[in-house]
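Encoded as structure tokens, the structure appears first; notes follow it.
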Number of protein chains: 2
Amino acid sequence: MTALTSGKTRPVRLADIAKAAGVSHGTASNVFARPEIVRDEVRERVKAAAEAMGYAGPDPKGRLLRAGKVNAIGVATAEPLSYFFDDPFARVMMASISQACDATGAGISLVSAANNEQLAWNIQSALVDGFIVFCIEGGSRLVELARERKLPFVALDLDSENEAVAAIGIDNVAGAGLAARHLAELGHRRFAVLALESADAGFGPVTQEQVETSALYSGTRDRLRGYFAELSRFGIDVSLVPIYETLNDEESVRAGLEHIFALPQRPTAILAMSDRMALHALDWLREHDIAVPGDVSIVGFDGVPEGADSKPPLTTVAQPIAEMGRLAVKAILENDGSLNRQLLPVNLVIRASSGPSPA
Amino acid sequence: MTALTSGKTRPVRLADIAKAAGVSHGTASNVFARPEIVRDEVRERVKAAAEAMGYAGPDPKGRLLRAGKVNAIGVATAEPLSYFFDDPFARVMMASISQACDATGAGISLVSAANNEQLAWNIQSALVDGFIVFCIEGGSRLVELARERKLPFVALDLDSENEAVAAIGIDNVAGAGLAARHLAELGHRRFAVLALESADAGFGPVTQEQVETSALYSGTRDRLRGYFAELSRFGIDVSLVPIYETLNDEESVRAGLEHIFALPQRPTAILAMSDRMALHALDWLREHDIAVPGDVSIVGFDGVPEGADSKPPLTTVAQPIAEMGRLAVKAILENDGSLNRQLLPVNLVIRASSGPSPA
DNA sequence: AAATTTCCTTGGATCGATTCAAATATAGAC
DNA sequence: GTCTATATTTGAATCGATCCAAGGAAATTT
């Protein structure tokens, strides 16, 4: 092939092979899809032609249109793509989704976007058979977009508001209650809360009043409710409990702790809405020579594996992450059109980050 | 829609909308793809029809065939899918690939398979614009399959054997040399090697002879060569250095250490071919009250973040993982048909897991 | 030798969109 | 009222395969 004759070479199609081998395109297709029904001699001829012309085999793009099934599940998030590999909770969840996909031979497509327009387009044009939506935050928009595709889909971390959305989630109120009761029973009376983001994606201290009025994400709100319901039961005035909202990253957790420990009444117990926050908090406390659980007890939320190896190991409210991943994949692959809403139980894992109140 | 009339409802196509709105399918297509060129009145009519019929927007499956571009990069491995989320090295690499993809708006498709047949099919039918191949092990088969797709592709961890394969890798020989020299300069003379898998995917002790003859994966072989070349320079008889091949998991690393430390001559220095192995080794050594680096020094390979937080922090040969990920994505997206082979430099990160020989 | 059965092969229809040259409608100029 | 320029719309062609009813050839039965 010289520079003169080549130019931009048009890719070889199945039809080209068929013509070269002197058979119909139907037969050529059979050679690749069901070789056993083609006569030996013909099959070899077609294969030889394919080989000679550098044909890579039937293009999945063409097959897809006819077949309809992509054989891949889309996992969508409003965070950057690297969230799937950076965040401890996401990682464990993805590992369990992976296992379920492996078992059925389905692939995984990661869908995300930096900005909102891009996100919409990415969701609209994703080649998948269904979506699993991570709605850690910014969930509603994402759920909306995914639903518009009219593909099987299921939200993880369910928004209890919207009953019409298929979702697999946990009982946030009950889980938070377990954490709060555990600490209260250990004698703690001065609490602080490290909260996840609310809808307006800011961070900083939050007043009780704001909690009532602002549009918190339902997960955040439910956990807060769970904490407070239980604390009230122990006679604690929850209106005095400082709440600091973080971005679930190291920087804002540190800022939160600076704030909390600068208050006149230092807490002896911290309720963190994620293990990630709790682990960052552990680092900060160690650096500030605040003993855990000697001076301060802390309870996380999620049950990520890192919590078992931290110093000290983290007491936490464990979500059944593996179960959730498995159920989510099942809901997509075995979608029967019915609305799948499941609320899974959580359980308190008591480790060394919580102990009796020093007071 | 009653049960009698509905049956299995055929999904609505763009053509159905066009007919309902009384326009051609060309115009209907424009309403979604380039709304600005359609007269307002017509556009609204079409949109209304779409709304009324529950049309989810143009199906990407159809568009794909015409457009040709999927806008997604396939990342392939011979390991189970969960490898991407479990393995520390893979995670860091994926995070950097993610960032590069986010920057260009490309999606990521994870491709893998439990068994070999499935793998072939998954690679052949993946809807992607190109492949990044993780060839940690079983690499050659994977590379072969990916090449057959005739899509842009690049191998990570290059097989120096095959000069015809586009690859981004590191200088394994030089990197291993750095590790070996570092320990030798600290006075160590009794070494042991924790090696990665060879081609036959077994594990256990390996003799010097086997090393010469067996089909080791080139990465493993090159690292071994690098270690030995440098050790020889210090007058160490490398034929006496025990080599234990692991599966890069906790179990086989522990088995390896049991084996190595049961030998008459205990080593004072361990060369591990991955940080993952080194970190598992650190756990084992601590449990057996063998001080690091007091009794035994250990140097890993990869430079994963976990190595900075281990007890003690791990001395390691750091790969430029972020750079590799970025280059790999660039190689796929800006593929110009040229063969892209890059050998990146590594650097030794000295931390607390290596110290002077106790002897 | 005709009839029947079995095995392969053919070619048109289809999957769901996009594209673009040609046709038509509309507006503005004279 | 005709002509030109501009704005819209049309519909055939295309993307690359799979599916399947129908037809033809070879093998077997009667």
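Labels below follow one simple rule: chain letters A, B, ... track the order of the sequence lines, proteins then strands, and each chain is numbered from 1. It should be emphasised that the depicted structure is a prediction, and the values quoted were computed from it without experimental measurement.
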Report yes if a side-chain nitrogen or oxygen of B/Thr27 is closer than 4.0 Å to either non-bridging phosphate oxygen (OP1 or OP2) of D/dT9; otherwise report no. no
Angle separating the five-pair end axes of the helix from C/dA1-D/dT30 to C/dC30-D/dG1, nearest 10°, is 50°
Within the structure provided, determine whether A/Asp87 and A/Phe84 are in side-chain contact (heavy-atom separation under 4.5 Å). no
Judged by modelled atom types alone, do A/Asn122 and A/Gln124 share a side-chain donor-acceptor pair under 3.5 Å? no
Rounded to whole Å, CG of A/Leu14 lies from C1' of D/dT18 at a distance of 10 Å
How many Å lie between NZ on A/Lys69 and C1' on D/dT18, as a whole number? 17 Å
B/S/- contact track for nucleotides 19-25 of chain D, protein heavy atom under 4.0 Å: B------
Between B/Lys61 (NZ) and D/dC15 (C1'), how many Å, whole number? 16 Å
Please list all pairs meeting side chain to side chain donor-acceptor pair (under 3.5 Å) that have one or both residues in residues 12-23 of chain B, counting only residues at least two apart or in different chains. none
Would you list the atom pairs, donor with acceptor, under 3.5 Å between side chains in residues 321-329 of chain A and any protein atom, with sequence neighbours excluded?
from, atom 1, to, atom 2, distance (Å)
A/Glu323, OE1, A/Arg326, NH2, 2.3

Take A/Glu41 and A/Arg45 through the test salt bridge (Lys or Arg N to Asp or Glu O under 4.0 Å) and record every step on the way to the result. CA-CA 6 Å; A/Glu41 189 254 317; A/Arg45 188 148 41 94; 3.2 Å; yes
Pick the nucleotide of DNA chain D nearest each of B/Gly22 and B/Ala67; which residue has the one closer to the 5' end? B/Gly22
First and last nucleotide of DNA chain C in contact with chain B, 5' to 3', at under 4.0 Å to a heavy atom: what are they? C/dC15 to C/dT19
Please give, in whole Å, the distance from D/dA17 P to B/Leu64 CG? 12 Å
Tell me: CZ of A/Arg13 to P of D/dA17, nearest whole Å? 8 Å
Listed in order of residue number, which residues of residues 41-57 of chain B have a non-hydrogen atom at under 4.0 Å from DNA chain D? B/Val42
